[in-house]
Peer 1: 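Sharing a structure here in structure tokens format.
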Amino acid sequence: MITIKNVNKSFGDHQVLTDVSLEVPKSNVIALIGPSGAGKSTLIRAINALEPIDNGEVTVDGISIHNKKTDINVARTNIGFVFQSFNLFPFLTALENVTMAPMKVKGLSKEAAEKRGKELLSSLGLADKFDAFPNRLSGGQQQRVAIARALAMDPNVMLFDEPTSALDPEMVTEVLDAIRKLAKDGMTMVVVTHEMGFAKEICDEIVFMAEGKIVERAAPSKFFTNPDTQRAQDFLSKVLNH
Amino acid sequence: MYQYDWSVISRNMDVFIEGALKTLELSAISILLAIPIGIIFGLGRISKNKIIFYISSAYIEIIRGVPLLVLLIWIFYVLGQFFSLGSYWGSIVGLAIFAGAFIAEIVRSGIQGVPKGQMEAARSLGMSHTKAMTYIILPQAFRRVLPPLASQFIMLIKDSSLVSVIAATELTLNAKNLVATSFRSLEVWTFVALVYFIMTFSLSLIIRYFEKRLSRSDA
């Protein structure tokens with residue numbers, strides 16, 4: 001579903017991605033983990049071309065994302081993206097946040113978009129929040145609206161860039177539950193996360209990055225108990241020992 | 001000791017009313033022209049296209065660096081040699097070009113004040129740059145620019161008094177003429193100041209009302 005081939009990217013002299021290659025088969029869930037500055041966010045943002053790359057190729061559903069001939073706006077409708085800081089549109093209600101893109105990009109009627117939007121928000125436990133503005137919602141509720149907004153475009157792929165890092169601890173669960181449900185429904189997903197328990201539970205594969213490179217890829221059971229590389233062992237000893 | 005005679009005001013009320021209406025008319029038409037000018041050049045100022053960027057920057061810097069009085073005289077006499085604008089349209093063009101440069105800067109800062117994540121979120125949903133601007137960025141920028149824009153409108157009403165130098169009929173020119181015939185300058189100018197204040201303060205109140213209505217999502 002997603003293939004990343006020999007991707008390089010630098011900011012000035014600083015190489016943030018070095019020859020990164022990765023495939024994500026359909027309905028798989030991949031966790032990208034690693035220390036900060038490892039290039040996880042840059043990589044996930046490169047999958048929908050929010051971040052340009054220097055060379056290499058990224059394809060999603062067979063479409064080459066960084067090819068100049070690709071209509072990136074069409075390609076992106078197939079790739080949902082959830083941000084660490086939610087980025088809801090503050091002047092629109094929860095429902096309007098969800099219906100805006102289907103109406104303006106896909107040309108859905110208001111009725112159709114609202115019907116679908118209400119279904120999505122309800123399925124995420126926000127049935128009583130249709131008319132609420134983002135600043136009236138908790139962080140967890142905002143992030144669920146953001147997930148509904150991305151799903152409203154009916155994407156085949158969902159990308160999550162540290163979806164729970166900006167949340168108060170008691171709200172992490174409700175967002176993880178939403179992602180868990182998507183995983184059960186067979187959504188193809190890449191999740192940048194620091195929630196190791198969550199990664200272990202729902203992901204098909206753990207991709208460990210450091211200094212712009214993929215250092216280790218393994219099934220969660222193997223990675224969290226017996227990682228091959230010293231780098232991963234060091235990282236795990238730091239994040240798991242508390 | 002100067003003997004005040006306020007009857008000059010009531011006897012010439014029609015002159016003040018006509019002048020005030022002309023001032024409002026000139027200001028309103030100028031603002032209506034200045035807003036699109038401001039939006040176009042404000043967008044130009046953040047354009048990635050270098051030519052558009054430099055043209056917009058040059059316009060803004062030049063106009064901001066020239067006093068309005070000089071600009072008006074220049075348009076009327078220098079530009080007037082090529083296009084005969086007349087004092088009415090000369091004033092409107094001068095005021096619109098002048099206010100447009102300031103509005104452009106307000107628009108630019110308003111757009112740049114919208115957090116970067118808003119554009120990213122809109123683009124991630126498949127919106128083109130233009131759609132994201134239209135439906136997501138500009139509505140938010142508009143809310144941000146209302147207060148400085150309001151000050152600009154008020155400034156324009158006051159600045160319109162300067163067009164009296166190119167003989168456009170409005171409140172200040174009418175007042176000058178009345179002073180010349182009645183010799184009641186202290187009364188006339190006091191009243192004129194009051195009329196300007198009434199016009200600008202009313203506008204302030206109207207804008208405040210709209211700001212309140214628009215801020216529903218910031219409650």
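Numbers restart at 1 for each chain; the letters A, B, ... are given by sequence-line order, proteins then strands. Worth saying up front: this structure is predicted, and the values here are computed from it rather than measured.
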Peer 1: Taking atom OG of B:Ser124 and atom CG of A:Asn73, what is their separation to the nearest 0.5 Å?
Peer 2: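 The distance works out to 11.0 Å.
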Peer 1: Which one of B:Lys116, B:Glu120, B:Lys131 has the most heavy-atom pairs closer than 4.5 Å to chain A?
Peer 2: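 Answer, by heavy-atom pair count under 4.5 Å with chain A: B:Glu120.
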Peer 1: Does B:Met127 form a side chain to side chain contact (heavy atoms under 4.5 Å, CB included) with A:Met100? I'd like the steps, not just the answer.
Peer 2: CA-CA 10 Å; B:Met127 287 191 198; A:Met100 178 66 101; 3.5 Å; yes
Peer 1: May I ask you to check whether over 12 heavy atoms, not counting those of B:Leu205, lie within 6.0 Å of atom CG?
Peer 2: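 Yes, enclosed.
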Peer 1: With only heavy atoms counted, which part of A:Phe89 is less than 4.5 Å from chain B, the side chain, the backbone, both or neither?
Peer 2: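 When you check distances to chain B, atoms from both the backbone and side chain of A:Phe89 fall under 4.5 Å.
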Peer 1: More than 12 heavy atoms of other residues, nucleotides or ligands under 6.0 Å from CZ of A:Phe11: is that the case?
Peer 2: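 Above 12, so yes.
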Peer 1: First locate atom CZ of A:Phe91, then atom CD1 of B:Ile136, and finally report the distance between them rounded to the nearest 0.5 Å.
Peer 2: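 So the CZ of A:Phe91 and the CD1 of B:Ile136 are separated by 4.5 Å.
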Peer 1: Mark yes or no for whether A:Lys104, through its side chain, and B:Tyr135, through its backbone, hold a donor-acceptor pair below 3.5 Å.
Peer 2: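 No, the answer is negative, given that no donor and acceptor are paired below the 3.5 Å cut-off.
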Peer 1: Is A:Phe130 atom CZ crowded by more than 12 heavy atoms from other residues, nucleotides or ligands, each under 6.0 Å away?
Peer 2: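 Result for CZ/A:Phe130: enclosed.
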Peer 1: Report, as yes or no, whether the 6.0 Å neighbourhood of atom NZ on A:Lys106 holds more than 12 heavy atoms from other residues, nucleotides or ligands.
Peer 2: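 Counting other residues, nucleotides and ligands, NZ of A:Lys106 exceeds 12 neighbours.
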Peer 1: Where the side chain of B:Gln118 meets the backbone of A:Leu88, is there a donor-acceptor pair that is under 3.5 Å apart?
Peer 2: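 Such a contact is found between B:Gln118 side chain and A:Leu88 backbone.
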Peer 1: Is the shortest side-chain heavy-atom distance between A:Met153 and B:Leu125 below 4.5 Å?
Peer 2: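 When only atoms from C-beta onward are counted, B:Leu125 and A:Met153 do touch, with a gap below 4.5 Å.
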Peer 1: So for A:Arg149, is it side chain, backbone, both, or neither that comes closer than 4.5 Å to the heavy atoms of chain B?
Peer 2: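 For A:Arg149, heavy atoms of backbone and side chain both lie under 4.5 Å from chain B.
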Peer 1: Counting only non-hydrogen atoms closer than 4.5 Å, does A:Ile79 touch chain B with its backbone (N, CA, C, O), its side chain (CB onward), both, or neither?
Peer 2: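 The backbone, not the side chain.
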Peer 1: What closest approach, in Å, do A:Val105 and B:Gly126 show between heavy atoms, and which atom pair accounts for it?
Peer 2: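 So the minimum-distance heavy-atom pair works out to CG1-O, 3.7 Å.
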